Amino acid sequence: MKKQLSETYSKIYDAIKCIPYGKVATYGQIAEVAGLQGQARLVGYALFSLPEDMDIPWHRVINAKGEISGLPDPDWRNIQKGLLEAEDIQFNKDGRVDLKVYRW
DNA sequence: GCAGTGACTAGTA
DNA sequence: ATACTAGCCACTG
């Protein structure tokens with residue numbers, strides 16, 4: 001088995017997997033747990049490179065504003081919204097998450 | 001090995 | 001309150 005993914009990414013994915021049901025986490029929180037401590041960009045980059053083979057609840061990952069970032073495809077963004085609603089996570093009018101951010 | 005890029009954050013205007 | 005700019009580190013070409 002090849003590593004394929006760097007340890008940094010693995011930590012990021014692991015941190016995301018640690019997010020419980022019905023909760024969400026910000027890039028900064030994940031970055032902190034992953035050891036990047038402050039570098040939320042790498043978290044976003046890791047998610048962009050996120051292999052579909054991994055069962056990562058990336059939809060629970062949001063930015064500091066409590067919003068879903070990136071994904072130029074509205075369809076993809078809609079999928080994330082559906083997944084979050086399936087997790088009892090609610091959205092506000094502005095499309096922001098109900099700020100049920102998980103505290104490590 | 002160098003340069004460019006990136007799903008962010010925080011600070012300033 | 002919103003909008004824009006600068007900074008940080010890791011991965012890819």
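This one's a predicted model, so the numbers in the text were calculated from it and none came from an experiment. In the text below, chain A, chain B and the rest are named by the order of the sequence lines, each starting its count at 1.
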Practice problem: Starting from the C-alpha separation in whole Å, work towards a yes-or-no answer on salt bridge (Lys or Arg N to Asp or Glu O under 4.0 Å) for A/K81 and A/E85. | Solution: CA-CA 6 Å; A/K81 185 173 180 288; A/E85 288 182 341; 2.8 Å; yes
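To the nearest 0.5 Å, atoms CD1 (A/I30) and CZ (A/R60) are separated by 11.0 Å.
Atom CG of A/L47 is separated from atom P of B/dG6 by 15 Å (rounded to the nearest Å). Rounded to whole Å, atom P of B/dA7 lies 23 Å from atom CZ of A/R60. A/I56 places its CD1 atom 18 Å from the P atom of B/dA7, with the value rounded to the nearest Å. What separates OH of A/Y27 from C1' of B/dT9 is a distance of 12 Å, to the nearest Å. Summarising the geometry, the separation between CD1 on A/I62 and C1' on B/dT9 is reported as 14 Å, rounded to the nearest angstrom. Between the CD1 atom of A/I30 and the P atom of B/dG6 there is a distance of 20 Å, rounded to whole Å. The separation between A/E32 atom CD and B/dT9 atom P is 13 Å, rounded to whole Å. Atom CG in A/D75 sits about 18 Å away from atom P in B/dA7, given to the nearest Å.
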Self-check item: Letter per nucleotide, 5' to 3', of nucleotides 8-13 of chain C [B base touched, S only sugar-phosphate touched, - untouched; heavy atoms, 4.0 Å]
Solution: BBSBS-
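Environment of OH in A/Y21: crowded, with over 12 heavy atoms of neighbouring residues, nucleotides or ligands closer than 6.0 Å.
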Name each donor-acceptor pair under 3.5 Å that joins a side chain in residues 61-72 of chain A to protein atoms two or more places apart or in another chain, with its distance.
| from | atom 1 | to | atom 2 | distance (Å) |
| --- | --- | --- | --- | --- |
| A/N63 | OD1 | A/K65 | N | 3.1 |
| A/N63 | OD1 | A/G66 | N | 3.0 |
| A/N63 | OD1 | A/E67 | N | 2.7 |
| A/N63 | ND2 | A/E67 | O | 3.4 |
| A/N63 | ND2 | A/S69 | OG | 2.8 |

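Between A/Y13 and A/Y9, the ring-plane angle classifies as perpendicular under the 30° and 60° cut-offs. Ring geometry for A/W76 against A/W58 counts as parallel: the plane angle stays under 30°, on a 0 to 90° scale with 60° as the upper cut.
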